[in-house]
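One structure is given here, and the rest of the page talks about it.
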Amino acid sequence: MQRRTLLPVLLAATLLPALAQAQTALDTILAKKQITIAIPTDYPPYGFVGTDLKPQGLDIDLAALIAAKLGVSLELLPVISANRIPYLQTKKADLVISTLGKNAEREKVIDFSIAYSPFFQAVFAPKTLAIKTPADLTGKTVGVTRGAMEDIELAKVAPPNLDVKRFEDNNATVAAFVSGQVQVIATGAQVAGAMMAKNPQLGTEYKFVLKDSPNFVGIAKGEDKLRAKVNEIIAGAKASGELDKMAVKWLGRPTGDLPN
């Protein structure tokens, strides 16, 4: 009888620490009074380096809001598209706020908050190129940022003989298009807008959308307590109008209806 009584106790003693360790991120953040958030510095207006050499943009403002609501200091960790998710998985970052779209592949390895801002990816090219559908990309050279949502979505619709050139960050992708290394660029609408404003001589225009994909905060898999807290902060910012103020400041329009 004693063995039968002791067995559940021993199992509980073994399992409880493991379960506790599975969701320690929020407790750790609050205990050390600091949160590390991965952000973009090459993706205006979501994240870029200002004239004062400090990161700024919508994603940086949201990171600051989350840190303030948690009552902790903020450490900003610049990332590019290709290392955003690995930084979460290796615990280099507590959260990723870096124009992160949600898809089935990513949901297998990380968790997501509710949406916090609108975003869409599309194909852009000079007006002189007749492109209306993916089939029209046949024989063209397209520049895209490696691992970004537009890279994933372009691969789904690209014709067989499309020449895709992948670059490590958005600045390199834009530079390749502006310099003529590629004929077409697949990127976010805001990035394209900034590029077109700076380079009107290129005559660049929108061709077709790849994906309408709002932005979400990336959270390590299984960190439900942290995810719930982040969702609470975002929902509160939506209700108070803080999120709309950020969107108007950086995107020129309010968030509108965002999915959960």
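None of these values were measured; they are calculated from a predicted model. Values reported hereafter were calculated over all heavy atoms of this structure, with side chains retained and with hydrogens, waters and symmetry mates removed.
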Quick one: do Arg146 and Glu168 make a salt bridge, cutoff under 4.0 Å? yes
Any donor-acceptor pair under 3.5 Å linking the side chain of Thr36 with the backbone of Ala93? no
Would a distance-only check, ignoring hydrogens and angles, find a side-chain to backbone donor-acceptor pair under 3.5 Å from Thr145 to Ser81? no
Lys225 bridged to Asp27 by N-O distance under 4.0 Å: yes
Judged by atom type as modelled, is there a donor-acceptor pair below 3.5 Å linking the side chain of Gln183 to the main-chain atoms of Thr141? yes
Examine distances only and state if a side-chain atom of Arg84 and a backbone atom of Ser98 form a donor-acceptor pair shorter than 3.5 Å. yes
Spell out, as yes or no, whether a donor-acceptor pair under 3.5 Å connects the side chain of Lys207 to the backbone of Pro126. yes
State yes or no: do Met195 and Tyr46 share one hydrophobic cluster built from I, L, V, M, F, W and Y residues joined by side-chain heavy-atom distances below 4.5 Å, directly or via other members? yes
Distance-only, no hydrogens or angles: does the Asp61 side chain make a donor-acceptor pair with backbone N or O of Gln56 under 3.5 Å? no
Using the rule that two of Ile, Leu, Val, Met, Phe, Trp, Tyr join whenever any of their side-chain heavy atoms come within less than 4.5 Å, decide whether Val174 and Leu202 are in one cluster. yes
Aromatic plane relationship, Tyr206 with Phe120 - under 30° parallel, 30 to 60° tilted, over 60° perpendicular: perpendicular
Considering residues at least two apart in sequence or located in another chain, which fulfil the side-chain contact (heavy atoms from CB on, under 4.5 Å) criterion with Glu153? Met149, Lys156, Leu210, Lys211
Would you say Asp244's side chain and Thr255's backbone share a donor-acceptor pair under 3.5 angstrom? yes
Polar side-chain atom of Lys245 near backbone of Pro254 as donor-acceptor pair, under 3.5 Å: no
Side-chain heavy-atom pair Leu95, Ile219 within 4.5 angstrom cut-off: yes
Whether Asp151 side chain and Ala148 backbone form a donor-acceptor pair below 3.5 Å: no
Quick one: does Asn83's side chain have a donor or acceptor within less than 3.5 Å of a partner on Pro86's backbone? no
Does one side chain, of Asp59 or Tyr116, offer a donor that lies under 3.5 Å from an acceptor on the other? yes
